[in-house]
Amino acid sequence: MPELPEVETLCRQLKEVVSRNVISELRILDHKLGELKNVAGCTINAPYRTGKGINLPLGNGTVLRLHLRMTGRLLWQADQLPLEMAHIRFVMTFNHGRLALIDPRRFATLTLADDTPPPQAPFDPLEKFSPRRLWDSVRTKRLPIKSFLLDQRAVSGIGNIYACEILHRASLNPQRAVSDVSLVEWQRIAKEAKPILLAAIGCRGTSISDWRDLFGRPGEYQHHLQVYGRAGQPCPRCGGPVTRIKLAGRGTFFCPDCQK
DNA sequence: TCCCATGTTGCTAA
DNA sequence: GTTAGCAACATGGG
């Protein structure tokens, strides 16, 4: 169930493994993904991430766009042993190995599109995260700050785990209305978001249940989580009890004592 | 049996 | 127009 750090991890690993290699076959095993033609024979250029999306440019002006949604995983297998795991949704074959999509819940999507820059969210926590522009853009909105961070049309790549962690590090209550967040508080969010995401990338993501990297290894950032999944445990900063509420339908973890 | 799940979209209603 | 809430997608784990 990948967010920005997990997708970035996969893109970096894909870059090492499949860049400049020719796809000899794309076998779609789950027809819910649709049929993709004219992919075999194409050379993959450097894979890149947009938000939580994985892009495999094919060098002929088109790009394969993969979104893993909730339970999608990619697995690289360099040997010729049979792929025996359950829920394999496609297998992309190269002359030096195979790339498989594993997706129990079948929410992942795969599309072939023109390789034009996809619509970008105005804010990207690793690139364009100007506190003043953020503050300015939400003056009239009443939605909770956490809902805003999760809105992929507004902010690129943040999901439920990292939204909780960023708001904790910035000492902000996830329920606060965005229009009520001060410029100084936006500066705190901007200051905290990037190092958290970069640290998670450095750990190859957060493995709470399903997540594995391209080579089947779990990530390590779950050992660094401050609030996510820690209901009832003491807040690492102030010792107050980490609390779980439901916000916008999502489990939300925060410390009411130090997140105001 | 019920509730939960790292995501997104679309509907309804206030 | 905005926002909240919910169902849907489909499956597995506790």
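Letters go in sequence order (proteins before strands), and every chain restarts at 1. Because only heavy atoms are used, hydrogens play no part in the values below, and waters and symmetry mates are left out as well, while side chains stay in.
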Next item on the list: In whole angstrom, give the distance that lies between atom CD of A:Gln152 and atom P of B:dT9.
Entry: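 One finds 9 Å between P of B:dT9 and CD of A:Gln152, rounded.
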Check: Between A:Leu101 and A:Leu68, which heavy-atom pair has the shortest distance, and what is it?
Finding: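 Heavy atoms only, the tightest pair is CD1-CD2, 3.7 Å.
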Notebook entry, point to check: What is the distance, rounded to the nearest whole Å, between atom CG of A:Asp151 and atom C1' of C:dT2?
Noted result: 12 Å
Next item on the list: Check whether any side-chain heavy atom of A:His168 lies under 4.5 Å from a side-chain heavy atom of A:Val242, and answer yes or no.
Entry: no
Check: Based on Watson-Crick and G-U pairs with both distances under 3.5 Å, what dot-bracket line describes DNA chain C 5' to 3', crossing pairs as [ ] and inter-strand pairs as |?
Finding: .||||||||.||||
Item checked: Rounded distance in Å between the P positions of C:dC6 and B:dC3 ->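 The same atom, P, in both gives a distance of 13 Å.
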Notebook entry, point to check: Taking only N and O in the side chain of A:Arg250, is any of them less than 4.0 Å away from OP1 or OP2 of B:dA5?
Noted result: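 Checking B:dA5 against A:Arg250, no side-chain N or O comes under 4.0 Å of OP1 or OP2.
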Check: Mind checking whether A:Tyr221 and A:Tyr162 have parallel, tilted or perpendicular rings, split at 30° and 60°?
Finding: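 If you compare the ring of A:Tyr221 with that of A:Tyr162, the planes turn out tilted.
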Might you list the N or O atoms of the protein lying below 3.5 Å from N or O atoms in nucleotides 3-6 of chain C, with each pair's distance?
residue: C:dT3; atom: OP1; partner: A:Arg142; partner atom: N; Å: 2.5

Margin query: If you compare all heavy atoms of A:Ala113 against all heavy atoms of A:Arg65, which two are closest, and at what distance to 0.1 Å?
Written below: CB-NE, 3.8 Å
Check: What does A:Ser209 touch in the nucleic acid at a heavy-atom separation under 4.0 angstrom: a base, only the sugar-phosphate, or nothing?
Finding: base
Check: Within the structure shown, what part of the strands sits under 4.0 Å from A:Tyr162 by heavy-atom distance: base, sugar-phosphate, or nothing?
Finding: nothing
Check: How does each nucleotide of nucleotides 9-14 of chain C score, in 5' to 3' order, for protein heavy atoms under 4.0 Å: base (B), sugar-phosphate only (S), or none (-)?
Finding: BBBS--
Margin query: Distance alone, cut at 3.5 Å: any donor-acceptor contact between the side chains of A:Thr62 and A:Asp115?
Written below: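 A:Thr62 vs A:Asp115: no donor-acceptor pair found between side chains.
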Next item on the list: Quick one: label A:Ser207 by what it contacts on the DNA or RNA (base, sugar-phosphate, nothing), any heavy atom closer than 4.0 Å.
Entry: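 Base, at least one base heavy atom under 4.0 Å.
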Check: Would A:Lys32 and A:Asp30 pass as an ion pair if we require N to O under 4.0 Å?
Finding: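 Between A:Asp30 and A:Lys32 there is no salt bridge, as every charged N stays at least 4.0 Å from the carboxylate O atoms.
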Check: Of A:Lys246 and A:His67, whose nearest nucleotide on DNA chain B comes first from the 5' end?
Finding: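 Result: A:Lys246.
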Check: Can you tell me if A:Arg142 uses its side chain to pair, donor with acceptor, with the backbone of A:Ser179 under 3.5 Å?
Finding: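 No; judged by distance alone, with no hydrogens or angles, the pair does not exist.
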Margin query: If we count only N and O atoms by modelled type, under 3.5 Å, do the side chains of A:Ser19 and A:Asn45 hold a donor and an acceptor together?
Written below: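 Judged by distance alone, the side chains do not pair up.
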Item checked: Sub-4.5 Å side-chain heavy-atom contact between A:Trp135 and A:Val181 -> no
Item checked: Candidates A:Leu58, A:Val22, A:Leu26 - the one meeting side chain to side chain contact (heavy atoms under 4.5 Å, CB included) with A:Cys42 ->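 With A:Cys42 as partner, A:Leu58, A:Val22, A:Leu26 yield a single side chain to side chain contact (heavy atoms under 4.5 Å, CB included), made by A:Leu58.
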Check: Using the P atom in both, what is the distance from B:dC2 to C:dA7, to the nearest Å?
Finding: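 Pairwise P distance, B:dC2 against C:dA7, rounds to 15 Å.
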Check: Can you tell me how far P of B:dA5 sits from CH2 of A:Trp211, to the nearest Å?
Finding: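 After rounding, the gap between these two atoms is 20 Å.
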Check: Would you call A:Arg89 and A:Asp103 a salt bridge, using N to O less than 4.0 angstrom?
Finding: no
Notebook entry, point to check: Could you give the CD-to-C1' distance, from A:Glu3 to B:dG7, as a whole number of Å?
Noted result: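 Going from CD in A:Glu3 over to C1' in B:dG7 covers 9 Å.
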